[in-house]
Amino acid sequence: SIPKAEGENLDTRILVSHAASLNGPWSEPAGPLLERGQETEWDYIVTNPTPVILSNGTTLLYYRGTPKYWGSRQATATEPNDLPESVGVAIAPDWQGPYTKVFTKPILSVMN
């Protein structure tokens, strides 16, 4: 079962909520669905999930990864204020997980 999301898990990781109808009621957000990388890795912050559910239920989860200190540096003439944003992919037997990263490196990099 997916743990309840609290604290830092609410804004730097991918959570899930579900309902029988688009009108709700919705479940409490739970997660994280995917473990983020280490502080120095490209996917310390993981957001913007895009699930692709295959006919057998297998789910591919595309996500945006950003290093921890995104936007925390001062911009210079040669270096922008943002760190690179990248796209990764994870896989699970169904939408509820557990998800495993397919690759250790992003599938698309430097999207700024």
Side-chain angles (χ1 to χ4, degrees):
S1 122
I2 299 169
K4 184 174 188 297
E6 297 179 37
E8 191 178 57
N9 288 342
L10 291 174
D11 61 1
T12 62
R13 298 185 182 184
I14 297 170
L15 310 177
V16 67
S17 184
H18 58 88
S21 163
L22 289 176
N23 295 323
W26 288 87
S27 67
E28 284 290 317
L33 285 184
L34 180 67
E35 288 301 320
R36 63 184 177 196
Q38 299 298 312
E39 287 187 13
T40 57
E41 294 179 320
W42 68 272
D43 62 349
Y44 180 77
I45 297 172
V46 289
T47 61
N48 298 54
T50 303
V52 176
I53 302 173
L54 306 179
S55 59
N56 67 355
T58 298
T59 303
L60 298 172
L61 184 71
Y62 294 87
Y63 62 95
R64 181 179 78 174
T66 307
K68 181 175 183 176
Y69 298 106
W70 179 81
S72 66
R73 300 177 298 158
Q74 292 294 324
T76 67
T78 59
E79 187 175 282
N81 197 26
D82 313 340
L83 294 172
E85 296 177 0
S86 303
V87 175
V89 63
I91 191 168
D94 65 50
W95 69 270
Q96 295 179 345
Y99 286 86
T100 304
K101 293 177 186 176
V102 176
F103 306 106
T104 57
K105 302 268 187 206
I107 60 171
L108 296 171
S109 292
V110 189
M111 297 178 56
N112 301 30

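Small disclaimer: the values here were computed from a predicted structure and weren't measured.
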Inset, instruction - Measure the spacing between CD1 of I45 and CZ of R13 and express it to the nearest 0.5 Å. - result: 11.0 Å

Legend entry - Partners meeting side-chain hydrogen bond (donor to acceptor under 3.5 Å, both in side chains) with T50 (sequence neighbours left out): none

Legend entry - For the student: nearest non-hydrogen atoms of Y44 and G37, plus distance: CD1-O, 3.2 Å

Inset, instruction - Check for a donor-acceptor pair, side chain of K101 on one end and backbone N or O of E35 on the other, with a separation under 3.5 Å. - result: yes

Legend entry - Distance (rounded to the nearest 0.5 Å) between F103 CZ and I91 CD1: 10.0 Å

Legend entry - Same apolar cluster: V52 and V89, side chain cutoff 4.5 Å: yes

Inset, instruction - Answer yes if V87 and V102 sit in the same cluster of Ile, Leu, Val, Met, Phe, Trp and Tyr residues linked by side chain heavy atoms under 4.5 Å apart, and no otherwise. - result: yes

Inset, instruction - With rounding to the nearest 0.5 Å, note down the distance linking CG in N48 to OH in Y63. - result: 12.5 Å

Legend entry - Donor-acceptor contact below 3.5 Å, side chain S27 vs main chain S17: no

Legend entry - Gap between atom OH of Y99 and atom CG of L33 - 0.5 Å precision: 5.5 Å

Inset, instruction - Of all the heavy-atom pairs spanning S86 and S109, show the shortest one and how long it is. - result: OG-CA, 3.7 Å

Taking distance alone, no hydrogens or angles, what donor-acceptor pairs closer than 3.5 Å link side-chain atoms of residues 53-60 to residues at least two apart or in another chain?
| unit_1 | atom_1 | unit_2 | atom_2 | d |
| --- | --- | --- | --- | --- |
| N56 | OD1 | T58 | N | 2.9 |
| N56 | OD1 | T58 | OG1 | 3.0 |
| N56 | ND2 | T58 | OG1 | 3.3 |
| T59 | OG1 | G57 | O | 3.1 |
| T59 | OG1 | W95 | N | 3.2 |

Legend entry - From CG (L61) to CD1 (I14), nearest 0.5 Å: 5.0 Å

Inset, instruction - List the atom of P29, the atom of L15, and the distance in Å for their closest heavy-atom pair. - result: CB-CD1, 4.0 Å

Legend entry - Atom of P98, atom of P93 and distance for their closest heavy-atom approach: O-CD, 3.6 Å

Inset, instruction - Could you pull out the closest heavy-atom pair between R36 and D43, with the gap in Å? - result: CB-O, 3.4 Å

